[in-house]
Amino acid sequence: MGSCLTVGPNEALVVSGGCCGSDQKTYMVGGWAWAWCLISNTQRITLEIMTLQPRCEDVETAEGVALTVTGVAQVKIMTDHDLLAIACEQFLSKTVTEIKAVVLQTLEGHLRSILGTLTVEQIYQDRDQFAKLVREVASPDVGRMGIEILSFTIKDVYDKVDYLSSLGKTQTAAVQRDADIGVAEAERDAGIREAECKREMMDMKFKADTLMADSKRELELQKASFNQEVNTKKAEAQLAYELQGAKEQQKIRLEEIEIEVVQRKKQIIIEEKEVVRMEKELIATVKRPAEAEAYKIQQLAEGQKMKRVLTAQAEAEKIRKIGEAEAGSIEAIGRAEAEKMRLKAAAYLQYGEAAQTALVLEALPKIAAKVAAPLARTNEIIIMTGDGSRVTSEVTRLLAELPVTVHALTGVDLSKIPLLQKMTNAQA
């Protein structure tokens, strides 16, 4: 069995444990959560604002003056899930008073440490900056506990040695001094103002004299301007008279030019008609005969071209026919040669060594003719030796080398032919 638990926006509900033995915690703010009877553990923690009044007594400042400072801080537990989990881990089993005590000690510790770094004047004259500094320094520490500082203000600053009252007297004396300085400055400013007024009066007098001189000069300038205008009008009238005469002369010249243009136009028309007449005459006497001659030459050239084309086509047909005939002849000769070689091969295969011998004997005259061809241009051969038997040995050596030469030229080994073997053995 279980129950549904609700919680308002001013507190957080923590449900731990479940039906399967899980120790996972559920955090709920301003809603509801399900809890199992005898299994789930439910706890609540306040989210309301907590007011703290930190107080530091007889804390020495940077100058060694002991001050007592009181302040007011507004803090609360943050509702962010991770930060709420941290706050629950720190304060879930504590009361509001215990939570306040922990946060208050933290704030007072930071307040003491900051007081030791400032002067009395800095603390007393700029309390807002002092409070801001305390808040900035303390916020990270209380934040790690899931606590947020909403505000922190300095309530009162005083001491037991009348340092602040002396500082007030000094301030009062400074104000009185500033007042005396203000009076002196006012009297000085009055004297300066009086001198400035006198100077302004002299300036006005000088300006009036200057205006009078300017007016007189303006009058003289106006007279000179009027005289210049009169002279200008006279000069303009003279120039207008001369300009009008020049315009009349220009009109006369323009009329003369127009007459010349008309005469030139008529001359051009006459010349154009003469050109047309000469063109027609050239067409009749030169162009028409030339066109006829060109047409004649064109027709003759086309006939010659057609003749050459037909001749070339006939020649090409002739060459093609001859080529086909030669190809047929070569094909027939090749077939006959192939048949001849086939028959020879069959015969050689049938007769064996006898056929090979016949082939060699048939080729020997040709080989001898090729070998002796260079000797045909030789008149005589003289073998120089002192021994008559030496000639016989040279001839024998040449005959012995003949099979090797034939084998190198034809691929036939004469030494393996039975007939030649017998002849060689007999000679040996």
Take Lys280 and Arg277, measure what side chain to side chain contact (heavy atoms under 4.5 Å, CB included) needs, and give me the verdict at the end. CA-CA 5 Å; Lys280 290 181 179 179; Arg277 185 191 66 79; 5.9 Å; no
Within the distance-only criterion (no hydrogens, no angle test), does the side chain of Thr68 pair as donor or acceptor with the backbone N or O of Asp58 below 3.5 angstrom? yes
Side chains of Glu242 and Gln238: closer than 4.5 Å at any heavy-atom pair? yes
Any side-chain heavy atom of Phe130 sitting closer than 4.5 Å to one from Val69? yes
Short N-O contact, Arg112 and Glu108, less than 4.0 angstrom: no
Nearest atoms (heavy-atom pairs only) where Ala73 meets Pro54: N-CD, 4.3 Å
Could you tell me whether Arg264 and Glu260 have a side-chain N and a carboxylate O separated by less than 4.0 Å? no
Mind running side chain to side chain contact (heavy atoms under 4.5 Å, CB included) on Met78 and Ile147 for me, showing each step along the way? CA-CA 6 Å; Met78 289 185 278; Ile147 302 296; 5.9 Å; no
Atom CZ of Arg308 and atom NZ of Lys305: how far apart are they, to the nearest 0.5 Å? 9.0 Å
Could you walk me through whether Arg320 and Glu324 pass the salt bridge (Lys or Arg N to Asp or Glu O under 4.0 Å) check? CA-CA 6 Å; Arg320 188 179 64 80; Glu324 290 178 354; 2.5 Å; yes
Test side chain to side chain donor-acceptor pair (under 3.5 Å) applied to Gln74 and Ser151, step by step: CA-CA 5 Å; Gln74 307 293 338; Ser151 67; 5.0 Å; no
Sidechain N-carboxylate O distance under 4.0 Å for Glu331, Arg335: yes
How long is the straight-line distance from OG1 of Thr106 back to CD1 of Ile149, given to the nearest 0.5 Å? 9.0 Å
Does the side chain of Arg253 reach to within under 4.5 Å of the side chain of Glu256, using non-hydrogen atoms? yes
What distance do Thr311 atom OG1 and Gln304 atom CD have between them, rounded to the nearest 0.5 Å? 9.5 Å
Quick one: pull up CD in Glu326 and CD1 in Ile319 and give me the separation to the nearest 0.5 Å. 10.5 Å
I want to check something: taking the side chain as every heavy atom from C-beta on, are Leu111 and Leu107 in contact at a cut-off of under 4.5 Å? no
Ignoring hydrogens and geometry, is there a side-chain-to-backbone donor-acceptor pair from Asp141 to Val137 under 3.5 Å? no
Do the side chain of Arg135 and the main chain of Phe152 share a donor and acceptor less than 3.5 angstrom apart? yes
If only atom types and distance count, is the side chain of Gln299 paired as donor or acceptor with the main-chain N or O of Lys296 below 3.5 Å? no
To the closest 0.5 Å, what do you measure between OG1 (Thr51) and CD (Gln53)? 8.0 Å
Suppose the criterion is salt bridge (Lys or Arg N to Asp or Glu O under 4.0 Å): which pairs have a residue in residues 65-85, not counting sequence neighbours? none
In Å and rounded to the nearest 0.5 Å, what is the CG to OG1 distance from Leu115 to Thr117? 7.5 Å
Of all the heavy-atom pairs spanning Glu200 and Arg193, show the shortest one and how long it is. OE2-NH1, 3.9 Å
Between Leu67 and Thr61, which heavy-atom pair has the shortest distance, and what is it? CD1-CG2, 3.5 Å
Any side-chain to backbone donor/acceptor pair from Ser225 onto Leu221? Under 3.5 Å, distance only. no
If you apply the rule side chain to side chain contact (heavy atoms under 4.5 Å, CB included), what do you find for Ile86 with Arg144, and how did you get there? CA-CA 8 Å; Ile86 293 173; Arg144 284 190 287 271; over 6 Å; no
If you count heavy atoms of other groups shown closer than 6.0 angstrom to CD of Glu229, is the number above 12? no
Check whether any side-chain heavy atom of Ile99 lies under 4.5 Å from a side-chain heavy atom of Met50, and answer yes or no. yes
Under a 4.5 Å cut-off applied to non-hydrogen side-chain atoms, are Glu274 and Ile270 in contact? no
What's the verdict on side chain to side chain contact (heavy atoms under 4.5 Å, CB included) for Glu339 and Glu337, showing C-alpha distance, side-chain angles and the deciding distance? CA-CA 5 Å; Glu339 184 64 21; Glu337 291 290 337; over 6 Å; no
Within a strict 4.5 Å, meaning less than it, do heavy atoms of the Val72 and Leu52 side chains meet? no
In the structure I gave you, are the side-chain heavy atoms of Leu211 and Phe206 within less than 4.5 Å of one another anywhere? no
How about Glu317 and Gln313: does a side-chain donor come under 3.5 Å of a side-chain acceptor? no
